[in-house]
Amino acid sequence: MTEQMGFLFNAERCVGCKSCEMACKNENSTPANVNWRRVSSQGTGNNLSISCNHCESPECFRVCPQRAYVKRRDGIVMININRCDGCMTCVSACPYKAPQFDLEKQKASKCTFCLPRREAGLQPACVSACHTGALSVINTDQPPKNTVPTIEGFPDIRLTKPSIRFRPVKEKLRYWIK
Amino acid sequence: MTSDVKVYRNVCPRNCYNTCAMLSHVVNGKLLKVEGDPSHGYSQGRLCAKGYAYTSYVYSSERLRYPLKQYPRGSGNWVRITWEEALNLISAKLLDLNHRYGSNRSLAYNKCSGNVGILHYATEGMFNSFGSHTKLRGNPCMSAGMDAVTYSSGGGKSPDPEAMSNSKLIVIWGANPAWTAIHQLKFINQARDKGAVLVVIDPVYTATAATADYYIQIRPGTDGLLALGIAKVLVEGGRYDSSFVEEHVVGWDSFESYLTEKVSLEEVQSITGVAKNVVELLADLYFRNDPAASWCGFGLQRYQNGGQNVRAIYALSALTGNVGKAGGDFYYFHPATDFFPLNLLNYQGPNDGQVTRTIDINYFPSQALSLVDPPVKFLWIAGRNPLSQDQEVQDWTKLLKELEMVVTVDLFMTKTAEVSDIVLPATSQFEDLDINVSYWHHWAALNQKAIEPYYETKSDLEIAQQLTRKLNELQPGFSNFPSERSAEEWVESEFTPEILELYGLSSWRELEKAPAKLRIGNKPWLDFKTDTGKFEIFSKDAKEDRLPALPRFWAGSSDPSFPLRLLTPQNITGIHSQNWLLEWIGPDERRNDVTMNPFDAVLRKVQDGDEVRIYNAQGSVTRKARLNQEVLPGIVIIYQGGKEPVNSLLSGLSADMGKKYSGSEGAALYNAFVEVEKIVRSQI
């Protein structure tokens, strides 16, 4: 049975509250300059929450000279910190800025899909923290209905085949003062 | 490793709607992470971004560790002192002033919502224990709206916000829960998943507005008139709840004739900016969707007509038959703290035969300066940062010159701490025991001591205990503060049989297992606490207080020499001037910006990214201009706090109401007008 764990991002529901971003830091004790998940404003009230997309063809995996990256059976891409020599090749290669450079440790680090939480039967911290249901976990081999492979503002997906699906923003009624 | 983890219950005590219960993970005495408490039915195991960043707050490199003294005041020549020295210095001054003036009335405090835990009223309790002194009255935040609610329904009930999940229509009038009450979106989205419609009416295109099905932009401070316009459309079309009105409303006839004769939709359109067909659309939404919840934010009552804005929206909720209806109803503020005895706040000091006097929190420095016999000479500040947040900045400077000693209790070196003589380091909520309730949801939760106090920090209660003990050593009988009474005993004393009954508890210790919810629940209610026992659209009490008896619209003053209205809403990265989130989230550009419409910018030859001066008769600040089409022409937005806070531009005007609830009018913080000019660097 093939499996590819991934995220579903419902852009319609995300309000950019950054709870996911901070819950990730709280859970994983990442230092100040390392944010494995980041929320950004896409203008006119649209937001994007992005972490490692545990790609089908992970560029980090391909470019790492130390072969520090592994892709697990469940599709999760992990970095073996012991192998990382801090060359930053992955940091510049990833279209999603998923590997982040830890200045203290002089190594790259990234989203682990909260593996210890998953082993305890919990959702990743970012998903647990989401107030609006904008983030959830899916098996991208069987993408849910009415989801699309990319949305505006998301980097080009052709290179790495990221394990993420989207629900796009719907049209809404706006009455501006003229 | 996990076996060493101890988990404690804590509560976020910030001045925020959500008052979330947290589980704190502690290993070897160190707070490693925080989680939402899943047994808290409102926050349901989640926290906001600020909540998740609490370990960075507790262990911030900026956090104060020891008592500090500076001389001269404001010089930055800080010297670390011991608690013994700090208490001796403060006591010596208190006794000196007591002897000089024959009373403690030259002693004043300024304390508010830095930590809203019930035991943080220790500061007020400590001052009470000195006998007569100079007290604080009023409320800088929500009192105008509270009075509006009281005139209409006698205070009554604040509905359970979890019930919004059963609404068919949710109309948010000027609140931005995406940034200030994120948990509420869960209940709102539950309703939307069942087909409910979300409408946001706001001058600012907020993150909440962006997620709404309908966003209606409105001119600031005109919400009341829009509500009256919607009411007019409904009443003239016979589309209101006549049986509710007949049974439960006082003053319908005069309100009806006011709507039909005095309110014109043309005027509604020209003043609010909301087109007539949109007013009709809103009327239609209110008519077609039952139940309909209306949520009135705090911003729209921070105007000279703020109370009337709230009364008009509440009246609209009543005439559509939504008041008291589960899933409908009117949301504003849930005064849960007032249910408790608040034994520290109400602590009975000795009767020294003199009268305690009060200062309005919104006019603190000017009123403090005006007091004589004796003048105010000593100021104690806790849980507040008035130099970043208050009006009358110039008067603060004058007052500071007159004060012989200023003591500030805080976790950080705030703008206010910077101009104090002595700064006492305070504990965070993880370091002391407390009880917290919310001004929004219906839960009470226990805040346990999870870790030892950071370095030499102390809680407001511990400081009160130690200072009063020291004073009594030096002058027996100076204070009657029960300094031996422990935090647990103070908590115990709050849980009277009535309170235990209200929350369905047999002892407060049950809160060690899980938070508890008020048992009033989400039942429909119509027992209005007004004199008439009805919903008073025509309020005799308001008339007696020289306010309009009906919810009428009045535009408030403007200032032609400063044509841009200044709005200073909450930022996502902080609560007022508290902003620990920045350590994790990185620099927040918004804090250095003034956002304005490109049209206003062109008139002033300002381009995006220009450094500009924003000024009026009260003061001036510099910011980077950000041009945004979504900002209404004629308004500029600056967020609170930071190094050069925006409070120097506040007008010092009052809202129309607030006296009934808080003892003085609310602050018309949004009746501030400014001009913007580009800063031209002189060529070298």
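Closest of all the heavy-atom pairs between A:Ala129 and B:Tyr52 is CB-OH, 3.3 Å. For B:Ala210 against A:Gly45, the heavy-atom pair with the smallest separation is CB-CA, 3.5 Å.
Listed options A:Glu21, A:Glu27, A:Glu12, A:Arg38 were ranked by heavy-atom pairs under 4.5 angstrom with chain B; first place goes to A:Glu27. With chain B as the partner, the residue from A:Asn35, A:Thr44, A:Ile177 showing the most heavy-atom pairs under 4.5 Å is A:Ile177. Ranking B:Thr573, B:Ile216, B:Ile182, B:Leu185 against chain A, the residue ahead of the rest is B:Ile182, based on heavy-atom pairs under 4.5 Å. Looking only at heavy-atom pairs under 4.5 Å with chain A, the residue among B:Ala53, B:Gly51, B:Ala209, B:Ala212 that has the most is B:Ala212. Put simply, of A:Cys130, A:Cys24, A:Gly133, the one with the most heavy-atom pairs under 4.5 Å next to chain B is A:Cys130.
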Using atom types as modelled, flag every donor-acceptor pair under 3.5 Å from a side chain in residues 192-203 of chain B to any protein atom, sequence neighbours excluded.
| unit_1 | atom_1 | unit_2 | atom_2 | d |
| --- | --- | --- | --- | --- |
| B:Arg192 | NE | B:Asp213 | OD2 | 3.4 |
| B:Arg192 | NH1 | B:Asn189 | OD1 | 3.3 |
| B:Arg192 | NH1 | B:Thr211 | O | 3.3 |
| B:Arg192 | NH2 | B:Thr211 | O | 2.8 |
| B:Arg192 | NH2 | B:Asp213 | OD1 | 3.1 |
| B:Asp193 | OD1 | A:Arg13 | NH1 | 3.1 |
| B:Asp193 | OD1 | A:Arg13 | NH2 | 3.2 |
| B:Lys194 | NZ | B:Ser165 | O | 2.9 |
| B:Lys194 | NZ | B:Asn166 | OD1 | 3.0 |
| B:Asp202 | OD1 | B:Val204 | N | 2.9 |

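Annotation: the span from A:Lys18 atom NZ to B:Lys50 atom NZ amounts to 11.5 Å, rounded to 0.5 Å. To the nearest 0.5 Å, the span separating CD1 on B:Ile188 from NE2 on A:His131 amounts to 13.0 Å. Here the straight-line distance linking atom CZ of B:Arg46 with atom SG of A:Cys17 works out to 10.5 Å at 0.5 Å rounding.
Of the atoms belonging to A:Thr132, heavy atoms from both backbone and side chain fall under 4.5 Å from chain B.
Between B:Tyr214 and A:Tyr175, the two ring planes are parallel [angle under 30°; tilted spans 30° to 60°].
At least one side-chain heavy atom of A:Trp176 sits less than 4.5 Å from a side-chain heavy atom of B:Glu630.
Judged by distance alone, the side chain of A:Asn26 and the main-chain N or O of B:Val34 form a donor-acceptor pair under 3.5 Å.
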Exercise for review: Begin with the C-alpha distance, continue with both residues' side-chain angles, and end with the deciding distance and a verdict on side chain to side chain contact (heavy atoms under 4.5 Å, CB included) for A:Lys172 and B:Tyr215.
Suggested key: CA-CA 8 Å; A:Lys172 299 184 208 84; B:Tyr215 166 62; over 6 Å; no
